[in-house]
K.L.:
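Please find one structure pasted underneath; my questions will follow.
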Amino acid sequence: MSSVLTGRPAPTGPARTEPAAARRRTRVLALPEARWAAAATALFLFGLSLRLTGAPGWTWGAAYALAYAAGGWEPAWAGLRALAARTLDVDLLMVVAALGAAAVGQVTDGALLIVIFATSGALEALATARTADSVRGLLDLAPATATRLRADGTEETVAPAGLTVGDTLLVRPGERIGADGRVLDGMSEVDQATITGEPLPVTKAPGDDVFAGTLNGTGALRVRVGRDAADSVIARIVRMVREASETKAPTQLFIEKAEQRYSLGMFAATLAVFAVPLAFGAALTGSLLRAMTFMIVASPCAVVLATMPPLLSAIANAGRHGVLVKSAVVMERLGEVDAVALDKTGTLTEGTPRLTDVVPLPGSGLSERELLTLAAAAEHPSEHPLARAVLDAARTRGLAVPTAHDFASAPGVGVSAVVGGRTVAVGAPVRLLGERASGAAALESPRGGTGPLAPADRAAAVVTRLEAGGRTAVVVRVDGVTAGVLGVADRVRADAVATVAALTTLTGTRPALLTGDNPRAAARLADEVGIRDVRAGLLPEDKVAAVRERQDAGHRLLVVGDGVNDAPALAAAHTGVAMGRAGSDLALETADAVIVRDELAAVPAVVALSRRARRLVAQNLAIAAVFICGLAVWDLAGTLPLPLGVLGHEGSTVLVGLNGLRMLRESAWRAAARAGAEPGRPDRPAHPGGMDGT
């Protein structure tokens with residue numbers, strides 16, 4: 001169903017498709033490193049063919065010289081800059097080794113070293129570029145222009161970056177929405193799969209939120225801009241992915257710190273390999289050739305390349321499937337978790353609760369409509385899911401919600417505001433009713449007789465009844481007197497049970513439930529999804545205390561949440577993951593990773609993906625160590641031909657680079673998604689135990 005707000009006809013012809021740039025992958029020859037490597041390879045093969053066919057030496061010598069220049073100038077320049085900064089770079093050592101080989105007559109072997117070294121550098125650049133492709137694809141989703149409506153109703157075409165909060169946009173059929181905002185008028189179906197992952201277009205009507213870059217359907221919409229372009233969902237995604245690509249994991253940082261000392265030690269060892277045999281009468285050419293071979297095979301190129309390609313590839317793969325991991329540090333830490341704590345509302349549940357009961361108390365003087373109107377007005381500025389449920393119910397019933405003043409919010413407690421001169425407080429029963437909210441209030445007078453109940457006691461009885469039915473109770477106080485109770489119910493996510501089981505399989509412990517909701521509702525949900533350790537009625541500081549308690553016991557805790565009250569726990573945890581669709585801005589900024597598409601099953605999948613990436617890092621380090629040690633021993637104990645040393649060393653570098661790129665494949669994500677659901681997988685952590693001691 002749709003409505004059209006403009007006289008212009010909807011575009012006809014074939015349906016619009018995604019921009020070509022959004023699907024484009026970086027071509028190999030688009031990278032300068034790849035072009036130089038290709039030129040060096042071509043020149044080397046040309047020179048080799050000339051030499052094998054008996055051409056004059058100056059012809060193949062010139063070809064080799066050009067191959068040296070094409071493949072070696074960039075690492076040589078980088079190495080000289082590092083040397084000027086008083087650091088010894090492996091790239092410079094490789095160039096020196098190639099020149100040394102040429103100096104002793106092994107021109108072909110030196111050229112081969114340059115070619116293979118340039119090729120491994122091109123592969124590393126390709127891995128980085130493919131990781132950045134996901135960012136470029138997101139940027140291409142943003143439209144180039146937007147139609148802004150002036151105050152007099154006329155239109156102007158502007159760039160999305162020029163829009164400000166409060167501007168009104170006209171989005172015609174088939175256009176992409178220019179900014180995050182809220183629909184003012186019109187109805188249409190919007191394809192927002194790029195943001196939320198929903199397979200079908202979503203009907204948007206007045207009051208609904210829309211996202212920049214999503215595709216409008218057959219209707220026309222007037223949208224009020226709610227965020228600056230720099231703060232849109234797509235912009236935040238791009239920023240987080242870019243920041244992730246610029247960070248380094250602890251393993252990589254350790255390797256880089258050790259690389260300088262290793263390079264100095266290797267240089268000293270090379271001098272010894274050259275000088276010691278020479279001192280005992282060995283030939284100069286043979287000693288220099290052995291030393292050059294040792295420098296080549298002992299260089300830590302494969303070790304340096306072992307860590308970041310798998311982690312960056314895993315970040316890119318997770319990003320394609322709606323999980324934004326903010327850094328390589330986070331990607332590495334995700335694989336370390338051995339216990340999980342989950343929030344309730346918006347995490348295990350859909351996060352869109354609905355109002356089911358409106359119960360004004362006798363003596364309050366309020367009808368259901370009046371009670372709901374006051375509560376909706378007080379909740380209007382709040383971003384909590386329960387507040388949205390109250391507001392949605394008021395709109396559905398056609399209530400006119402007045403403007404509230406002096407709004408105040410305390411996470412985990414509730415809100416208060418002045419509505420029409422009356423002070424209205426809406427919040428958790430345990431905070432507004434105290435001990436009466438425990439459900440122990442009897443249906444008799446506080447004096448022990450059978451007289452009328454006090455408002456707080458009546459409210460406690462209603463709270464008990466609602467909570468016994470699995471609903472969340474919200475107490476409304478007007479001018480300091482309890483006026484009524486609202487009942488709200490949320491639905492469990494379809495994948496919650498499977499996710500809890502998968503996390504149990506991955507970590508060896510059942511997840512815990514940390515929630516500010518009432519104990520009865522929490523216990524009912526926990527029983528439904530298979531959780532035993534339930535902590536309910538928690539304030540934000542209580543959640544932090546629970547997190548620290550488990551971490552002090554030696555666990556690496558993963559916390560998953562979405563609200564403002566979850567942000568402190570997300571920050572305190574070993575790793576924090578936020579649900580993106582309904583997540584508060586504070587939670588999204590605080591968390592280490594964001595589930596953009598709101599698929600709870602992505603949590604165990606990204607943990608399993610991290611563990612696979614960590615295993616690839618370990619494999620790469622083992623491969624590098626075997627090649628370095630084996631070739632170095634061969635060179636010292638026997639006679640290792642320089643070409644074989646070059647092939648072995650650079651081959652190991654290429655091998656670890658390609659091994660890391662395996663994490664980019666679609667099959668890597670599918671395997672990770674299956675890992676948590678299969679018992680006995682090697683993804684299980686080393687030590688058991690957990691939040692509930694099982």
K.L.:
Determine, for Lys204 against Asp209, whether the closest basic-nitrogen to carboxylate-oxygen distance falls under 4.0 angstrom.
P.N.:
no
K.L.:
If you compare all heavy atoms of Phe211 against all heavy atoms of Asp180, which two are closest, and at what distance to 0.1 Å?
P.N.:
CA-OD1, 3.3 Å
K.L.:
Which heavy-atom pair separates Gly660 from Ser313 by the least distance, and what is that distance?
P.N.:
O-OG, 3.5 Å
K.L.:
Output the distance between atom CG (Leu558) and atom CG (Leu342), rounded to the nearest 0.5 Å.
P.N.:
8.0 Å
K.L.:
Under the 3.5 angstrom rule, does the side chain of Thr349 hit a backbone N or O of Val492 as a donor-acceptor pair?
P.N.:
no
K.L.:
Could you check whether any side-chain heavy atom of Leu149 comes within less than 4.5 Å of a side-chain heavy atom of Thr154, counting everything from C-beta outward?
P.N.:
no
K.L.:
Does a salt bridge link Glu155 with Arg172, judged by any charged N lying under 4.0 Å from a carboxylate O?
P.N.:
yes
K.L.:
Are the side chain of Thr499 and the backbone N or O of Asp495 linked by a donor-acceptor pair below 3.5 Å?
P.N.:
yes
K.L.:
If you define the side chain from C-beta out and look only at heavy atoms, does anything of Met663 sit under 4.5 Å from Leu616?
P.N.:
yes
K.L.:
Set out, in order, the CA-CA distance, both residues' side-chain angles and the distance that settles side-chain contact (heavy atoms from CB on, under 4.5 Å) for Arg611 and Val337, then state yes or no.
P.N.:
CA-CA 10 Å; Arg611 292 182 178 175; Val337 300; 4.3 Å; yes
K.L.:
Would you confirm whether Arg224, through its side chain, and Gly166, through its main-chain N or O, come within 3.5 Å as a donor-acceptor pair?
P.N.:
yes
K.L.:
Checking His574 now: which residues fulfil ring-ring contact (aromatic ring centres under 6.0 Å, His included) with it, not counting sequence neighbours?
P.N.:
none
K.L.:
Taking all non-hydrogen atoms of both residues, which atom of Ala378 and which atom of Ala417 are closest, and how far apart?
P.N.:
CA-CB, 4.1 Å
K.L.:
Please round to the nearest 0.5 Å and tell me the distance separating atom CZ of Arg397 and atom OG1 of Thr373.
P.N.:
9.5 Å
K.L.:
Between Thr147 and Val171, is there a side-chain heavy-atom distance shorter than 4.5 Å?
P.N.:
no
K.L.:
With a 4.5 Å cut-off on side-chain heavy atoms, are Asp562 and Asp343 touching?
P.N.:
yes
K.L.:
Output the distance between atom CZ (Arg148) and atom CG (Asp167), rounded to the nearest 0.5 Å.
P.N.:
4.5 Å
K.L.:
Counting C-beta onward and ignoring hydrogens, is there a side-chain heavy-atom pair between Leu163 and Leu169 closer than 4.5 Å?
P.N.:
yes
K.L.:
Going through the checks in order, is the side-chain contact (heavy atoms from CB on, under 4.5 Å) test met by Val596 and Val323?
P.N.:
CA-CA 6 Å; Val596 177; Val323 182; over 6 Å; no
K.L.:
Using modelled atom types and a 3.5 Å cut-off, is there a donor and acceptor pairing between side-chain atoms of Ser188 and backbone atoms of Gly219?
P.N.:
yes
K.L.:
For side-chain contact (heavy atoms from CB on, under 4.5 Å), just list the numbers for Val165 and Asp228, CA-CA rounded to whole Å, side-chain angles, deciding distance to a tenth of an Å, and then say yes or no.
P.N.:
CA-CA 6 Å; Val165 175; Asp228 290 332; 3.5 Å; yes
K.L.:
Just verifying a value: how many Å separate Leu372 CG and Glu379 CD, rounded to the nearest 0.5 Å?
P.N.:
10.5 Å
K.L.:
Between Arg614 and Glu336, does at least one N-O distance fall below 4.0 Å, as a salt bridge requires?
P.N.:
yes
K.L.:
What closest approach, in Å, do Leu334 and Val607 show between heavy atoms, and which atom pair accounts for it?
P.N.:
O-CG1, 3.7 Å
K.L.:
For His380 versus Leu391, what's the shortest heavy-atom pair and its separation?
P.N.:
CA-CD1, 3.6 Å
K.L.:
Under a 3.5 Å threshold, yes or no: a donor from one side chain and an acceptor from the other, between Thr575 and Asp592?
P.N.:
no
K.L.:
Rounded at 0.5 Å granularity, tell me how far CG in Asn317 sits from CZ in Arg665.
P.N.:
10.0 Å
K.L.:
Do Val419 and His405 touch side chain to side chain, with heavy atoms closer than 4.5 Å?
P.N.:
no
K.L.:
Residues two or more places apart in sequence or in another chain: which of them pass ring-ring contact (aromatic ring centres under 6.0 Å, His included) with Trp73?
P.N.:
Trp36
K.L.:
Any side-chain heavy-atom pair from Val190 and Leu221 closer than 4.5 angstrom?
P.N.:
yes
K.L.:
Atom CG in Leu355, atom CG in Asp392: separation rounded to 0.5 Å?
P.N.:
9.5 Å
K.L.:
Show your working on side-chain contact (heavy atoms from CB on, under 4.5 Å) between Val547 and Leu514 and close with a plain yes or no.
P.N.:
CA-CA 9 Å; Val547 169; Leu514 304 181; 4.2 Å; yes
K.L.:
For Ala318 and Trp669, which heavy atoms make the closest approach, and how far apart are they?
P.N.:
CA-CZ3, 3.9 Å
K.L.:
Taking the side chain as every heavy atom from C-beta outward, state whether Asp185 and Val183 have any pair of such atoms under 4.5 Å apart.
P.N.:
no
